[in-house]
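Written below as structure tokens is the structure these notes are about.
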Amino acid sequence: MGYRKKHIKGGTDGFRNEPFQVRSMINQRKRKSEMRTKVVLFSTAVLLVVILAVLAFKLNGLNMQDGSGNVAAADTDSDKADGVKEDSREKKKDSKDNEKEPVKETMASGKKRWLRDGLDPDKPMVALTFDDGPYTPVTSRILKVLKKYDARATFFIVGNRVPSYEDMVKQAYEQGNEIATHTYNHANLTKLSKKQIKAELDKSKKVIKDVIGCSFSALRPPGGSINDTMRSTVKVPMIYWSVDTEDWKSRNKKSVLNECKVIQDGDIVLMHDLYPSTADAVEKLVPKLVKEGYQLVTVDELLYYNGIKAEAGKVYANGR
């Protein structure tokens, strides 16, 4: 009883007289409360740091995207200048594309396709030529070996065969080979009138143009027969030959190759892409000639690089 009285009378001073155990409990509670406050403050600070780091990372990513053009650029003088440059480049590109449009016209004669730049006029040239085709089993093999050795040839095709072998005519043309005519019906033109000659060549011209988009470049008269009526009627050069392989007669690979032993610079070689034996011979002949240093060229190339200006109605048998 005396203790309670003393405590009440003593006011706040009475706290000092509390038992030690009570004071210890109160101090522990204060320390725990302070510790919780510190933990909360520390956690909050860490969270703020994390949030700021994430925001900074995202902002940096947006800036990088903006710099690479994935996000719309700000409307600055630099961006405007870039826009002007881009417009200029687009206009130049459109201008170049427009300049390319007339290609159809420049290719109308076929020269762009089968008259190459960069051939060496000082190196020997030979023009391999094939009559009476096309015929897929043979023509396809000849085209394959020509392509392999970057060689060219001239195909004197028979017009009435074109509808059945359009793919061969197109492939030969696209590989850079020259497309010429051997008439429409393999007709002996010396026995035809002027009007009939024109009709024969016009029909051949139409079927060829329907496939490759341009006319034939030259004529090889069937049988090599020519007369004055033809000379005054035919509007393209007429092409003979200087080496006759007689492949149509022998139909033998070795015989064809034997005939080709006499080949020399400027020759026009006569063959036919109708016989498998001719394809057999060509597969041996082309790499042999290339190895010997010959450039295998079209008739147009042979004449052009040897300074011969081919004229309509005239006959040419070689490039010498």
Heavy-atom closest pair (Glu246 atom, Asp244 atom, distance to 0.1 Å) is N-OD1, 2.9 Å
Output the distance between atom CD1 (Ile197) and atom CE (Met230), rounded to the nearest 0.5 Å. 6.0 Å
Rounded to the nearest 0.5 Å, what separation is found between the CG atom of Leu289 and the CG atom of Leu128? 6.5 Å
Please confirm whether the backbone N or O of Leu270 pairs with a side-chain atom of Thr245, one donor and one acceptor, at under 3.5 Å? yes
Stepwise salt bridge (Lys or Arg N to Asp or Glu O under 4.0 Å) test for Asp228 and Arg231: CA-CA 5 Å; Asp228 289 338; Arg231 289 188 178 92; 3.0 Å; yes
Of Ile226, Ile239, Val234, which meets side-chain contact (heavy atoms from CB on, under 4.5 Å) against Leu219? Val234
How long is the span from the OG1 atom in Thr181 to the NE2 atom in His186, to the nearest 0.5 Å? 10.5 Å
What are the two closest heavy atoms between Ile263 and Tyr294, and how far apart are they? O-OH, 3.4 Å
Under a 4.0 Å threshold between the charged nitrogen and the carboxylate oxygen, would Lys170 count as salt-bridged to Asp167? no
Looking only at side-chain N and O atoms, does Thr190 offer a donor or acceptor that is under 3.5 Å from a partner on Asn188? yes
Could you state the interatomic distance from OH (Tyr304) to CG (Leu115), rounded to the nearest 0.5 Å? 6.5 Å
Between Tyr135 and Arg161, which heavy-atom pair has the shortest distance, and what is it? CB-NH2, 3.7 Å
Heavy-atom side-chain proximity of Leu257 to Lys254 below 4.5 angstrom: no
Measure the spacing between NZ of Lys206 and NZ of Lys203 and express it to the nearest 0.5 Å. 12.0 Å
Would you please say whether a donor-acceptor pair under 3.5 Å links the side chains of Gln171 and Gln175? yes
Is it the case that the side chain of Arg251 and the backbone of Tyr275 share a donor-acceptor pair, with hydrogens and angles ignored and the cut-off at 3.5 Å? no
Answer yes or no: is there a donor N or O on one side and an acceptor on the other, between the side chain of Glu283 and the main chain of Ile142, under 3.5 Å? no
side-chain contact (heavy atoms from CB on, under 4.5 Å), that's the test. Do Arg116 and Leu119 meet it? Break it down for me. CA-CA 7 Å; Arg116 292 168 288 175; Leu119 291 177; 4.0 Å; yes
Under the 3.5 angstrom rule, does the side chain of Arg320 hit a backbone N or O of Asp265 as a donor-acceptor pair? yes
Hey, can you pull the donor-acceptor pairs under 3.5 Å for the side chains in residues 153-160, sequence neighbours left out?
residue	atom	partner	partner atom	Å
Thr154	OG1	Glu178	OE1	3.3
Thr154	OG1	Val299	N	3.0
Asn160	ND2	Tyr184	O	3.2
Asn160	ND2	Asn185	OD1	3.3

Check: Gln295 side chain, Asp120 main-chain N or O, donor-acceptor pair, under 3.5 Å: yes
Determine whether a donor-acceptor pair (N or O, by modelled atom type, separation under 3.5 Å) exists between the side chain of Ser242 and the backbone of Ile268. yes
Hey, are the side chains of Met125 and Glu301 touching, using non-hydrogen atoms and a 4.5 Å cut-off? no
Between Glu292 and Lys288, does at least one N-O distance fall below 4.0 Å, as a salt bridge requires? yes
Are Ser193 and Thr229 close enough that some pair of their side-chain heavy atoms sits under 4.5 Å apart? no
With a 4.5 Å cut-off on side-chain heavy atoms, are Ser215 and Ile208 touching? no
For Asn318 and Gly266, which heavy atoms make the closest approach, and how far apart are they? CB-O, 3.3 Å
I'd like to know whether Val236 forms a side-chain contact (heavy atoms from CB on, under 4.5 Å) with Ser217, so could you lay out the CA-CA distance, the side-chain angles of the two residues, the decisive distance to 0.1 Å, and finally the verdict. CA-CA 7 Å; Val236 292; Ser217 60; over 6 Å; no
Would you call Val126 and Val297 a side-chain contact if the rule is heavy atoms closer than 4.5 Å? no
Flag side-chain contact, heavy atom, 4.5 Å: Asp131 against Met271: no
Point-to-point distance, once rounded to the nearest 0.5 Å, from CD of Glu174 to CG of Leu143: 11.0 Å
Pair Thr139-Asp273, side-chain donor/acceptor within less than 3.5 Å: yes
Short N-O contact, Asp150 and Arg152, less than 4.0 angstrom: yes
Could you tell me whether the side chain of Tyr173 reaches within less than 4.5 Å of the side chain of Cys214, counting heavy atoms only? yes
Donor-acceptor contact present, side-chain Asn177 to main-chain Ala172, <3.5 Å: yes
Are Asn252 and Ser277 linked by a side-chain donor-acceptor pair shorter than 3.5 Å? no
Has Asn306 got a side-chain atom pairing as donor or acceptor with Leu303's backbone, closer than 3.5 angstrom? no
Could you tell me whether the side chain of Pro276 reaches within less than 4.5 Å of the side chain of Val138, counting heavy atoms only? yes
Nearest heavy atoms of Arg220 and Trp241, plus distance in Å: NE-CE3, 3.7 Å
Looking only at heavy atoms, which two atoms of Tyr165 and Pro134 are closest? And how far apart? CD1-O, 3.3 Å
